[in-house]
2 protein chains.
Amino acid sequence: MARRPNQSRLNSGRPKATPRARGTIRDEVLAFVRGRLAAGSPPTVREVQQAFGFKAVESARQHLEALVAEGHLAKSPGRARGYHLPAAGGPAPSIRLVPQLGRVQAGGLREAIEDPEGWLAVEGPAAGDEMFALTVRGESMTGAGILPGDTVIVRRQDTARDGEIVVAQVRDEATVKRLRLREGQVVLQPENPAFAPLVFAPDTEIRILGRVVEVRRRLA
Amino acid sequence: MARRPNQSRLNSGRPKATPRARGTIRDEVLAFVRGRLAAGSPPTVREVQQAFGFKAVESARQHLEALVAEGHLAKSPGRARGYHLPAAGGPAPSIRLVPQLGRVQAGGLREAIEDPEGWLAVEGPAAGDEMFALTVRGESMTGAGILPGDTVIVRRQDTARDGEIVVAQVRDEATVKRLRLREGQVVLQPENPAFAPLVFAPDTEIRILGRVVEVRRRLA
DNA sequence: TGACAATACAGACATATGTCTGCTTAACTG
DNA sequence: CAGTTAAGCAGACATATGTCTGTATTGTCA
């Protein structure tokens with residue numbers, strides 16, 4: 001893939017003057033490693049060696065170590081495939097794959113999670129958090145910047161605080177609304193003047209499924 | 001992280017009846033591996049062992065091999081950290097880490113990408129696509145559901161079509177607007193009646209940096 | 001109850017992979 | 001020209017990591 005066809009440039013003791021010239025082999029090594037990291041499989045030193053036609057493992061390692069020294073890469077010494085992106089700690093903080101659900105039928109959240117339509121990579125959730133993702137239908141939350149077709153990422157929880165945007169189950173359907181707790185009433189407040197709030201008495205046929213922690217929209 | 005505190009359940013010859021019971025250790029192993037893969041660092045067998053408190057490497061390996069047999073995972077035999085997601089039709093499509101940029105100064109896109117503030121896991125981009133992410137400032141795009149503080153994920157490109165939402169560089173700052181191409185004019189159209197469109201002659205001091213392909217918002 | 005399957009464990013082994021030391025060539029410097 | 005630095009090479013070594021063999025425990029099922 002990133003193999004260098006022009007092997008002549010790699011002959012022993014090849015010239016190289018200015019320490020910081022642009023567009024050099026080192027930049028290509030960095031690009032190669034980034035690509036492998038993006039693909040989810042960090043390369044080994046020997047894989048870099050082969051990709052660039054080096055005759056010695058050490059040649060590849062020197063470039064990798066130099067990239068670490070320059071701050072373009074980071075590594076976990078001693079670990080196999082230990083080179084990764086520099087950001088704090090690891091490549092990215094706790095990334096998790098959360099299930100993307102289809103339609104949530106009455107009482108069927110558990111079943112829906114068992115049989116997801118796909119998976120989304122999400123950052124941030126704590127270790128024990130139960131997460132899922134839903135596609136928004138309807139325009140009731142456009143005032144909060146949540147449009148039809150948007151994906152909401154939800155942390156599973158049975159309760160929520162006043163003002164938080166939640167996924168609630170009303171009758172047979174899951175709906176996204178802002179939660180309002182007022183004097184013994186539970187209100188699901190749309191963010192669109194064209195829609196009316198839904199008012200419930202506590203412990204009625206309404207159930208909180210979780211709290212929206214992120215909104216995503218693909219612009220195809 | 002995913003360590004199981006309840007070690008008693010892991011004693012030798014622990015019970016386990018139905019082959020396909022739900023919510024078992026095996027599912028947790030799968031979730032653990034998925035998370036590690038999403039984070040860009042495939043786990044070793046021994047890391048799985050430690051995360052679950054197994055006393056033997058083989059116990060972890062059996063679960064991993066079983067997951068491969070069930071089609072939930074794939075592996076490259078012999079390779080270090082060789083477990084990965086099944087190729088096509090698998091749970092997660094091509095996930096990619098894209099750099100999250102800070103402020104983009106004049107002409108400094110390349111430099112900004114060199115020195116990112118962090119990395120975001122993004123799904124979908126094609127192999128060759130050059131991607132980056134930016135934080136939106138200002139309320140000029142609220143009508144399109146893009147609020148201040150939102151993160152836009154951008155595919156690097158020099159041109160765009162009429163109607164697409166783009167990141168353009170005007171003077172010293174990068175800005176997110178909808179692109180309008182009208183009879184020899186380039187218009188950057190806000191989606192907020194309180195803001196006025198920016199009109200340029202072609203090939204002036206405006207430069208397209210890329211096209212917005214996704215919008216994300218964290219609700220802390 | 002006895003065969004069988006599923007799970008766990010212990011320990012060894014083979015390979016993959018990071019790391020080190022020493023040598024060589026070429027370009028730049030003074 | 002001698003000294004220095006950058007880059008590459010060769011080979012060995014140490015560790016990380018996948019894999020195999022054999023054993024033990026427990027529940028299921030005929």
Side-chain angles (χ1 to χ4, degrees), chain A residues 4 6-30 33 36 41-70 73-84, chain B residues 4 6-30 33 36 41-70 73-84:
Chain A
R4 320 194 78 255
N6 189 353
Q7 189 177 356
S8 64
R9 287 213 277 149
L10 293 169
N11 281 340
S12 65
R14 68 173 289 281
K16 182 71 202 325
T18 14
R20 209 77 329 150
R22 294 286 167 183
T24 55
I25 291 185
R26 182 154 308 165
D27 295 295
E28 296 180 42
V29 170
L30 177 56
V33 174
R36 292 292 304 269
S41 63
T44 67
V45 177
R46 280 169 182 80
E47 283 172 348
V48 174
Q49 175 201 349
Q50 285 181 36
F52 287 83
F54 292 125
K55 290 175 183 168
V57 197
E58 188 57 17
S59 305
R61 209 177 81 91
Q62 278 179 43
H63 278 119
L64 290 169
E65 289 299 330
L67 287 167
V68 170
E70 295 170 12
L73 284 181
K75 75 160 182 174
S76 312
R79 286 178 45 144
R81 302 169 186 274
Y83 290 91
H84 51 82
Chain B
R4 322 193 78 256
N6 190 352
Q7 189 178 358
S8 63
R9 286 213 276 149
L10 293 169
N11 281 340
S12 65
R14 68 174 288 282
K16 181 68 202 325
T18 12
R20 209 79 328 153
R22 296 286 169 180
T24 54
I25 291 185
R26 182 154 307 166
D27 296 296
E28 295 180 39
V29 171
L30 178 56
V33 175
R36 291 292 304 267
S41 62
T44 67
V45 178
R46 280 169 182 79
E47 284 172 349
V48 174
Q49 175 201 351
Q50 285 182 36
F52 287 84
F54 292 125
K55 290 174 183 168
V57 197
E58 187 58 15
S59 304
R61 209 178 80 92
Q62 280 179 43
H63 278 121
L64 290 169
E65 290 299 330
L67 288 167
V68 170
E70 295 170 12
L73 284 181
K75 76 159 181 174
S76 313
R79 287 179 43 144
R81 304 171 183 273
Y83 291 91
H84 50 84

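Throughout, a chain's letter reflects where its sequence line sits, starting with A, and its residues are numbered from 1. Heavy-atom basis, side chains included; hydrogens, waters and symmetry copies ignored.
Residue B:Glu58 places its side chain closer to C:dA10 than to any other of C:dA8, C:dA10, D:dG8. Closest to the B:Val57 side chain, of the nucleotides D:dT19, D:dC9, D:dT17, is D:dT19. Closest to the A:Ala56 side chain, of the nucleotides D:dT19, C:dT19, D:dA10, is D:dA10. Closest to the B:Lys75 side chain, of the nucleotides D:dG8, D:dT19, D:dT17, is D:dT19.
Going from atom CZ of B:Arg79 over to atom P of D:dG18 covers 11 Å, rounded to whole Å. Atom-to-atom, OH of B:Tyr83 to C1' of D:dG18 comes out at 7 Å; the value is rounded to the nearest Å. Going from atom CD of A:Gln49 over to atom P of D:dG8 covers 12 Å, rounded to whole Å. Remark: C1' of C:dT7 and CD of B:Glu28 are 15 Å apart, rounded to the nearest angstrom. As rounded to whole Å, 14 Å separates atom P of D:dA7 from atom CZ of A:Phe52. Computed from coordinates, the B:Lys55 NZ to C:dT7 P distance equals 18 Å when rounded to whole Å. One interatomic measurement links the two molecules: CG of A:Leu64 to P of D:dA7, which rounds to 13 Å at whole-angstrom precision. Atom-to-atom, CZ of B:Phe54 to P of C:dA6 comes out at 16 Å; the value is rounded to the nearest Å.
Residue B:Thr44 is in sugar-phosphate contact alone, with no base atom involved, counting any heavy-atom pair closer than 4.0 Å across all strands shown.
Between atom NE2 of residue A:His84 and atom CZ of residue A:Arg36 there is a gap of 15.5 Å, rounded to the nearest 0.5 Å.
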Between B:Phe54 and B:His63, does a ring pair (Phe, Tyr, Trp, His ring centres under 6.0 Å) hold up when you go through it step by step?
-> CA-CA 11 Å; B:Phe54 292 125; B:His63 278 121; 5.4 Å; yes
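Between the side chain of A:Arg46 and the base of C:dG18, at least one donor-acceptor pair of N or O atoms lies under 3.5 Å.
A sub-4.0 Å separation between OP1 or OP2 of C:dA6 and a side-chain N or O of B:His63 is absent. Side-chain nitrogen and oxygen atoms of B:Arg61 include at least one within less than 4.0 Å of the OP1 or OP2 phosphate oxygen of D:dC20. For D:dA7, the OP1/OP2 oxygens have a side-chain nitrogen or oxygen of A:Arg26 closer than 4.0 Å.
No side-chain heavy atom of B:Glu58 sits under 4.5 Å from any side-chain heavy atom of B:Gln49.
With hydrogens and angles disregarded, a donor-acceptor distance shorter than 3.5 Å links the side chain of B:Arg81 to the backbone of B:Pro42. Side-chain atoms of A:Ser76 never come within 3.5 Å of backbone atoms of A:Arg79 as a donor-acceptor pair (strictly under, hydrogens ignored).
Heavy-atom nearest nucleotides on DNA chain C were determined for A:Glu47 and for A:Gln62, and the one closer to the 5' end corresponds to A:Glu47.
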